[in-house]
There are 2 protein chains.
Amino acid sequence: MAARAEELCRERSVQFTALRREVLEAVAASERPPGAYDIAERLSKPGRRVAPVSVYRALDFLMELGLVHRIASRNAFVPCAHEHGAGENVVFLICRTCGGIDETTSPEVESSLGRTLARAGFTPAHSILEVEGDCGACRTRSQGAGRAGA
Amino acid sequence: MAARAEELCRERSVQFTALRREVLEAVAASERPPGAYDIAERLSKPGRRVAPVSVYRALDFLMELGLVHRIASRNAFVPCAHEHGAGENVVFLICRTCGGIDETTSPEVESSLGRTLARAGFTPAHSILEVEGDCGACRTRSQGAGRAGA
DNA sequence: CCGGGAGTGATACACTGTAACAGTGCCGAC
DNA sequence: GTCGGCACTGTTACAGTGTATCACTCCCGG
């Protein structure tokens, strides 16, 4: 993850600083997509306080690079699971049971959305597609209940 | 707008109170999609203060009925422009120039999204699709500039 | 009259995000 | 080497968004 970030930063001649790496790692390491304040708390230790505003700046930077996505419906952040550049359409699958967020792309959705927008005379710059529901793992787990081992 | 709301409330045996009507009308009357605090301010007059919390309650109620939608990327609310019930998929077109938000539906997008989700083993409960860009009116206006009359 | 539920008012608070300014370190110009 | 500029981070303060909690009213049925 950090390796790709470094590469991207070299390409664009921007700095991949320690704080930015730490924020990226914090996002990547979290079970559930953390909020900015969660990240700030996580990075703060006795003797070193990371303010939310610093986290926001790092997150903005990482989002610019497409390394992190923002989940608008949750005010949370997820590491980008693919290697798409910024600007590509992503579908976020938000599990309301486990709280996990998966990411997928769909050329099919993208093209049909493109047609719909064209029909409406709308020029898209950027879109958000978030679906809340139940992920396969959680559904299986709840159906196989009663003996839902470990 | 209010007529349809009253009908819906009768059907479901819930109350369409004065406050709820006022909030609905405030949302419908706004040029730009207002935030909850905007609505609260709008409904407050000397001698009568409507607290944001009351507005939120009314908005929750109205969203339940599908009369109002929440724009997650803007923390704003729009009146529902269609007569779909809750649960139907809607695409929001957010113009970054005029700030207006248009609403459309697309069975095409809906079905392709459905297939994508099925492929991912994900059971959707509810989805958010918001596109930011330029609406036709604004694009025309900026291109026809220089003589952009009234 | 009494009890209970729905709705609202009011206050306080938690959470999310931004503005503004100061300090630091790096790097090129001189 | 020193100066000045730039990018980055720290710090404080604040604006904006949303929720918890309790009190009160109103209505309605017993």
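Letters A, B, ... are given to chains in the order of the sequence lines, protein chains preceding strands, and every chain is numbered from 1. All values reported here derive from a predicted model rather than from experimental measurement.
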Colleague: What's the CZ-C1' distance between B:Phe61 and D:dG18, to the nearest Å?
Modeller: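 My rounded result for the distance is 20 Å.
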Colleague: To the nearest angstrom, how far is B:Asp60 atom CG from C:dT8 atom P?
Modeller: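 To the nearest whole Å, that distance equals 12 Å.
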Colleague: Using a strict cut-off of less than 4.0 Å between a Lys/Arg side-chain nitrogen and an Asp/Glu carboxylate oxygen, indicate whether A:Arg12 and A:Glu64 qualify as a salt bridge.
Modeller: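 Answer for the salt bridge query: no.
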Colleague: Rounding to an integer number of Å, can you tell me how far B:Tyr56 OH sits from C:dT11 P?
Modeller: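 Atom OH in B:Tyr56 sits about 18 Å away from atom P in C:dT11.
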Colleague: Is A:Arg57 side chain donor-acceptor paired with the D:dG10 base, going by distance under 3.5 Å alone?
Modeller: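 Indeed there is one.
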Colleague: Salt bridge check, A:Glu22 against A:Lys45: does any charged N sit closer than 4.0 Å to a carboxylate O?
Modeller: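 The answer is no: the pair does not qualify as a salt bridge.
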Colleague: Heavy atoms only: give me the nearest A:Ala26-A:Ile39 pair and the separation to one decimal.
Modeller: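 Distance-wise, the nearest heavy atoms are CB-CG2, 4.0 Å.
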Colleague: Could you tell me the separation between the CD1 atom of A:Ile71 and the P atom of C:dT16, rounded to a whole number of Å?
Modeller: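 After rounding, the gap between these two atoms is 14 Å.
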Colleague: Counting only side-chain N and O atoms of A:Ser54, is one of them less than 4.0 Å from OP1 or OP2 of D:dT11?
Modeller: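 No, outside the criterion.
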Colleague: List in numerical order all residues of residues 18-51 of chain B for which some heavy atom is under 4.0 Å away from an atom belonging to DNA chain D.
Modeller: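 Only B:Tyr37 qualify.
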Colleague: Which is true for A:Val53 with a 4.0 Å heavy-atom rule: it touches a base, it touches only sugar-phosphate, or it touches nothing?
Modeller: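 The answer is base, as A:Val53 lies within the cut-off (heavy atoms under 4.0 Å) of a base atom.
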Colleague: What is the minimum heavy-atom distance between B:Gly133 and A:Phe122, and which atoms define it?
Modeller: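 Minimum heavy-atom contact is N-CZ, 3.4 Å.
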Colleague: Rounded to whole Å, please give me the gap between CD in A:Gln15 and C1' in C:dC27.
Modeller: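 Interatomic distance, CD of A:Gln15 to C1' of C:dC27: 11 Å.
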Colleague: Round to a whole Å and report the spacing from CG of B:Leu59 to C1' of D:dT17.
Modeller: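 From B:Leu59 CG to D:dT17 C1': 12 Å.
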Colleague: Please report, rounded to the nearest Å, how far the P atom of D:dA7 is from the CZ atom of A:Arg12.
Modeller: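 Going from A:Arg12 (CZ) to D:dA7 (P), I get 17 Å.
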Colleague: Tell me the closest heavy-atom pair linking B:Asn75 and B:Arg70, and the distance in Å.
Modeller: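 Minimum heavy-atom separation between B:Asn75 and B:Arg70: OD1-NH2, 3.2 Å.
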Colleague: Would you kindly say whether B:Ser30 and B:Arg42 are connected by a side-chain donor-acceptor distance under 3.5 Å?
Modeller: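 A pair is found: one side chain offers a donor N or O, the other an acceptor, under 3.5 Å apart.
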Colleague: B:Asn75 side chain N/O closer than 4.0 Å to the phosphate oxygens (OP1, OP2) of C:dT16?
Modeller: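 Answer no for this pair, as no side-chain N or O of B:Asn75 is under 4.0 Å from OP1 or OP2.
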Colleague: Please determine, by modelled atom types, if B:Arg141 and B:Thr97 share a side-chain donor-acceptor pair under 3.5 angstrom.
Modeller: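 No donor-acceptor contact under 3.5 Å links the two side chains.
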